[in-house]
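Keep in mind that this is a model prediction, so the values were computed, not measured. Both ligands and their constituent atoms are indexed starting at 1 by order of listing.
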Amino acid sequence: MTNTINNPLEPLTANEVQLAVTILKDAGKVTPTTRFVSISLREPNKKLVHEQKRDLPREAFAVLFDNGTNSCYEACVSLANREVVSWKHVPGVQPTMTVDEQVECEQAVLASPEFKAALKKQYGVDDTSLVMVDIWSAGNYGQPEESNRRLARPLCFLRPDPTDNGYVRPIEGIRPVVDLNEMCVIRVEEYGHWPLPLVTANYSADRVANQRKDIKPLEITQPEGPSFEVEGYTVKWQNWSFVIGFNAREGLTLHNIKYNDRGKERSILYRASLTEMVVPYGDPAPTQFRKNAFDVGEYGMGMCANSLELGCDCLGLIRYFDAHLCNSRGEPLTIKNAICMHEEDFGILWKHTDRRLNVPEVRRSRRLVVSSVSTVENYEYGFFWYLYQDGNIQFEIKLTGILSLGALKPGEKSPYGSLIAPQLYAPNHQHFFNVRLDFDLDGVANSVYQIDVSQDEPGPKNPHGNAFSARPTLLKSEKQALANLKLETARTWKIVNPNVTNVVGEPIGYKFFAGDNALPMGSTDAWWRKRAGFVNHHVWVTPYSEDERYGAGDYPNQSRGGDGLIKWTEADRPIENTDVVFWYTFGHTHIPRPEDYPVMPTAYIGFLLKPNGFFDMNPANDVPPSPKKEAKSCCH
Ligand SMILES: [Cu+2]
C-alpha cells in the first residue's frame, strides 16, 4: 500500500480497491459475466476503533453480480493477508444497478429494432441519435419477471438537437423493458400516442439570452488559509474532529465526530449516513405509476456523485477529496473532487449590547461545510453536513435539477400533476430520505427520550392557565420508539448518556430537531411502500447492529419488500442505556410549479442536532471578536 491510512475508518484508497479486485480475481471468484457492483471499506469492529487500536487490518466488502447466472454475491476481502475471507451467495436479490448498466441500457434501447419501429410509427423518426434513454428501476409489482430477471424500465426523451434540454420532450407512449442480464430490450410496451410537446426551454449558459447584468463580483478571501487541518480523510476544525467516508452506495458519510471540550476529546456521533431514499410519484396513469426511484439502493448515491472539479460553486478556500470506486468490470473509477469542504461565514453567532455600558459584544459564526452532489438522471441531490462553533450539527439536502416530466395531449390537464408548459406536465411526487445516526455521546451507552411539550391542566397548580412543561418519555424498546413528528407537542428527541452527568447533575445530551417533513401519500398497500417501510415512521431507534445499515434493507432493488427497519424493529429489542442508533425519515412533498422549470431552484430539507446539557455552558463563549479589518469590510 502506498498511501498511509491515518484512521481505520478512512475510505479505501484507489490501490486498495484495485487490490481487492485482484484478490477476488485471483481467487477465481470473477467470471466473464461478473459485475462489480461495489467495493467499499469493511469498517473495522467498532469496539476496536473505540479502543483506538492503530493499524487495524484493512478489509474490503464487495458486492458482485453474475449476469450469466443472475446471482448476487457478497465477499469480504482481507487486504492485509491478500485473501478472500468470506464469500456468500445471496439468493433472489438484485443489487444496485451500476453506472455501466445505465450506459449499456441506453445503447441497448437505441439498438432495439422493436424500439426503432415504435419510434418510427409514432413520430416518423428514423434517427435515434437524439433519443435520451434514462434507466429507471423496474420495482416490483408482483409480476414473476420482477422477481427472477434483472430488469430496467427506462424513460425516453427526444432532444430537438444534440445539446438541447431533452427532458421537455418525453416520449410518453413508448416504454421499453430491458433485461440487464442479457442487456437487450425484451419488449416495448406502447400505451397510445402523445405528440411531443412543441416547447423548448433551456438553462445552459450558452442558450439563455439576456442574462442579468447587475451582479458585481463577490469574493471570499482567506489570506491566512483555512482554519482546518487535514490528514488523509481525517479533519480537525475548531474543536471538532471527524473522518470523511465515501462509498458507492451511500456516498458521503461522516465518522467518529468528536468535540474537544477544554482539552477532553468527547465522542458525539460514531457514524452519520444517508441510508436510503425514495421518490414515489402520484400519477396512476399506466405510463407513470411505476415511477418510484430508490436512489441509494437502486442507483447508488456515491456512484452517481459529481466530480466537483468542474461543477463546484463553493466560495472560499476549498479542500477536495476524491472518491475511489471501481466500474462494474473492476477497473479503477476515481471521482475526482467528489467531496468539497470549506468554511462559510454564517452571520451572527451571538450578540449582546450592555445598554448601560454601551458596549456591544458580537461574534461572527463560522461553519464548516462538507458536501457532495449526486446526479440521478434528471434530479440533483446535494448532501451538506454543517458543523458549527456552538456544537450544532446540521444536515441539509439540496434538491435541484430537472423535474421528471410527462407529455399531455393538446388541451389536456392532469389532476395528478401541474401543467408546466403546453402539453407538458410534472407529476406530483414526494422525496423521502432516511438517515442513520449512530450516537456515541461520551461513550456507547446512550438512551433516547421523546420530549413532548404540553399545557398543564387548569387547576390550583395552574391558576393563570399559562403553565406548560416538557415531558420526557424514556424510550425503552424499539416499538415504543416508533413515532412521527407532532406539532401539537413541539415533539423533539433527546439522546443522552445516562452514565455521564453535566454541571447541573443531568445526563449529558444532544437534542434532535426535525425540519420540514411529510407523511407518505401512497396507501400502505402501494407496492413502493412495501419496499420503503422506513417511511412508516419519522423516528426509529434500534440497538446498534453492525449489519443494519440501510433503512429499506440491503437489497431494495426489485425486492418484494418487508426488509430493513420494519423487519428489525419487529423484535422490539431493548434500547435503554445501550449503543443506540437513531433513524430519521423526512419527506418533501413536491407539487411542481412552472418556476421549477426548465431547471428547479434548490429546495432544502434537513434536521439539526443541538447540544442540550452536553456542555456546561455556551461552548462558543470563547470565540474572539473578528479582527477589526474584517469587521469593517462593509464600510462604503
Ligand atoms: Cu421533486
Practice item. List the steps, then state whether salt bridge (Lys or Arg N to Asp or Glu O under 4.0 Å) holds for Glu145 with Arg187. Key: CA-CA 12 Å; Glu145 67 175 7; Arg187 65 177 178 276; 2.7 Å; yes
Review point. What do you reckon, is NZ of Lys336 surrounded by more than 12 foreign heavy atoms closer than 6.0 Å?
Key: no
Study note, to complete from the structure: Counting only protein N, O or S atoms and ignoring waters, those under 2.8 Å from the Cu ion (ligand 1) are Tyr379 OH, His429 NE2, His431 NE2, His590 ND1
Point to revise | Lys610 NZ: over 12 foreign heavy atoms closer than 6.0 Å | key: no
Exercise for review: Please identify each residue that fulfils side chain to side chain donor-acceptor pair (under 3.5 Å) with Ser414, with sequence neighbours left out.
Suggested key: none
Practice item. Count the heavy atoms of every other residue, nucleotide or ligand shown that sit under 6.0 Å from CG of Asp206, and state whether that count exceeds 12. Key: yes
Exercise for review: Could you check Thr253, Asn247, Leu325 and say which one makes a side-chain contact (heavy atoms from CB on, under 4.5 Å) with Ser40?
Suggested key: Asn247
